[in-house]
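Sequence positions, counted from 1, serve as the residue numbers for this chain. Counting starts at 1 for both ligands and their atoms, in listed order. For the numbers below, each heavy atom of this structure counts, side chains included, while hydrogens, waters and symmetry mates do not.
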Amino acid sequence: MKMFTADQIRAWDAYTIAHEPIASIDLMERAALACSNWILQHLFSKKKLHIFCGKGNNGGDGLAIARLLLQEGVSVVTYIYETGTKGTDDFQHNLERLHKLTKEIHFIQSAEFFPALTADDVAIDALLGTGLNKPIDGLMLQLVEHISNSPAAVISIDIPTGMFADKSCKEYTCTRADHTLNFLVYKLCFMMQENADWFGEVHLLDIGLHPTYYYETIAFHQLIDQEIISSIYRKRKPFSHKGVFGHALIMAGSYGKNGAAVLSAKAALRIGAGLLTVHTPKCGYTVLQSTVPEAMLETDVEEQHLSTLPTDMSRYTAIGIGPGIGLHEQTAELLMNLLHTAHQPVVLDADALNLLSIKKDLTKHLHEECILTPHPKEFERLFGKTNNDFERKELALQKAEELNCVIVLKGHHTFIASPNGDAWFNNTGNAGMATAGSGDILTGILTGLLAQGYNAEEAAILGVYIHGAAGDLAAQQLSQEAMMAGDINQYIGSVFLQL
Ligand SMILES: NC(=O)C1=CN([C@@H]2O[C@H](COP(=O)(O)OP(=O)(O)OC[C@H]3O[C@@H](n4cnc5c(N)ncnc54)[C@H](O)[C@@H]3O)[C@@H](O)[C@H]2O)[C@H](O)CC1
Ligand SMILES: [K+]
């Protein structure tokens, strides 16, 4: 699914108005109808609704929603934030229509006009939408804080007031919404962890904008959805043999951290690698051979850490290195040798990334079939501090292009940056996956997909999606609290059955 900027959404509005064609007031009516239907379906209409409107089209939406709900017999009081200026044409038009229906329209000129809001009320935030042009302050800020700090349920129309669609508002205040009714496609702001407390649960409402604009307009970001997954995932042909599905090499483990090697090895097999070899220090021999009998094992010359490359590297079609390998000097040497010699796709995770942070000149050996999978802390060690999630996303894109490799910036929502500038957000996964070993599973999944011949971009998109979807199934069955990383492996098959 394409994600559009506020400007692109405005252009989409204009395109629809011109090409459907439809009058802008009727487009607003469609938006308002979608919102009022949602409110009725989710029984918020059983409470007393307080609709707060600015004088832009977001406010116009609010006035139309008030009218539609009043016509359904819902108890509605409307408040208009008084700016002393006229509203937009569509705002004024809806104000006239609402006046014919109710006297309960109040203008807010100071804090004394703020209504008391109780737990039996619902506050609808239609103050500001994508027309926000500066952080909110003054009376608007006071009103937003009054709404957010009240015991009432809060529903923001299109976007929480005070939130910018395409840049950070981390230093500012926005409406703290329980639900955000967002039109059509996800805005960038809804992908950012720093905004999560403000937008609450985001619901996409279709308001029937013109499909031609959607298909003809290039999006800077995409949200991974079934359409994208179906375009990447390749079903198996009946007459396939295991050689067709590649030979993955997982280089992982060190004394006390051999479990990471077990988790990533199992994930590489679960995701469908034809053959798997695990290269681990001698201390990992017994645990690997007994817990992952399907994998071949090569032990390092060292007892407790990795120091040497496997004997014949040419056998492998993809390599994953990092889970539990530690930061020993000889392991750093090994990573250097690997990056100097491997022509295969390589996934670098965990301590392999931390070693890259220490020996940054190694990054020049990365290539477009490499995938880095940093979590935010590893990302910061590698590429430096950023002030907010938007900056970090941009830095990931810049570094993916500079290093000519794919960067998977883990989090909720995981962000994938391609060297060619393409970018995806992933919407699967849950807080239960913030558990030891979850990253090891992803490394195995990515390595296993690369081994089967998916390119780095495809493997990253498909792998992150499956990893999160398997985690969602694990959470549903086991709860987010009780699930463990190893459980994610158990549900990979169920995800495949749904593809
Ligand atoms: N396709 C769609 O998504 C549709 C969206 N609709 C709604 O239209 C708004 C955008 O409307 P717009 O008039 O452009 O902007 P706003 O309503 O957000 O109001 C801007 C208005 O407010 C002033 N303003 C800006 N920043 C501030 C501030 N910090 N403090 C005070 N005032 C501020 C600014 O000067 C403008 O006058 C969108 O969000 C949807 O809700 C359509 O209704 C249907 C299609
Ligand atoms: K709003």
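Taking all heavy atoms of L128, D90, L127 into account, the minimum distance to atom 27 (C) of ligand 1 is reached by L128.
Not one N/O/S atom of A126, from backbone or side chain, sits under 3.4 Å from the K ion (ligand 2). Residue T175: no N/O/S atom is found under 3.4 Å from the K ion (ligand 2).
Between K170 and E391 there is no salt bridge, since none of the side-chain N atoms of the basic residue sits less than 4.0 Å from a carboxylate O of the acidic one. Salt bridge annotation for E20-R30: present, with a cationic side-chain nitrogen under 4.0 angstrom from a carboxylate oxygen. Remark: E29 engages R67 in a salt bridge, criterion side-chain N to carboxylate O under 4.0 Å. Ion pair E82/K55 flagged as a salt bridge, since at least one NZ, NE, NH1 or NH2 atom sits closer than 4.0 Å to an Asp/Glu carboxylate oxygen. By the 4.0 Å N-to-carboxylate-O rule, R392 lies close enough to D389 to be salt-bridged with it.
There is a side-chain donor-acceptor pair under 3.5 Å between E112 and S110. Donor-acceptor pairing under 3.5 Å is lacking for the side chains of T16 and D13.
Shortest contact from atom 12 (P) of ligand 1 to any protein heavy atom: N57 N, 3.9 Å.
Rounded to 10°, the angle that O of I159 and O of I157 form at the K ion (ligand 2) is 70°. When rounded to 10 degrees, the angle formed at the K ion (ligand 2) by OG1 (T161) and O (L128) equals 60°.
Checked by distance only, ligand 1 and T88 stay at 3.5 Å or farther apart across all their nitrogen or oxygen atoms. Of the polar atoms of I159, none of the N or O atoms is found under 3.5 Å from an N or O of ligand 1, judged by distance alone. Geometrically, ligand 1 and M28 share no nitrogen or oxygen pair separated by less than 3.5 Å.
Under 4.0 Å from ligand 1, the heavy atoms of I207 that appear belong solely to its side chain. By the criterion of a heavy-atom distance under 4.0 Å, both the backbone and the side chain of N58 are placed next to ligand 1. Residue-level proximity to ligand 1 for L209 is carried by the side chain, the only part with a heavy atom below 4.0 angstrom.
Taking 4.0 Å as the cut-off, D61 counts as a neighbour of ligand 1 on heavy-atom distance. Within the structure, the closest approach of P135 to ligand 1 falls below 4.0 Å when heavy atoms are considered.
Using a 4.0 Å cut-off to heavy atoms of I136, the atoms of ligand 1 that qualify are 29 (N). Within the listing of ligand 1, atoms 14 (O), 15 (O), 16 (P), 18 (O), 20 (C), 25 (C) sit less than 4.0 angstrom from a heavy atom of G131. When each atom of ligand 1 is checked for a heavy atom of G56 under 4.0 Å away, the hits are 13 (O), 17 (O), 19 (O).
Ring geometry for Y79 versus H50: interplanar angle under 30°, hence parallel rather than tilted (30 to 60°).
The closest side-chain heavy-atom distance from R176 to D197 is below 4.5 Å. Residues T161 and I147 fail the side-chain proximity criterion, which asks for heavy atoms closer than 4.5 Å.
Nearest N, O or S atom of D125 to the K ion (ligand 2): atom O.
Annotation for Y215: atom OH does not count as buried by contact number, only 12 or fewer foreign heavy atoms lying within 6.0 Å.
Closer than 4.0 Å to atom 37 (O) of ligand 1 lies none of the heavy atoms of the protein.
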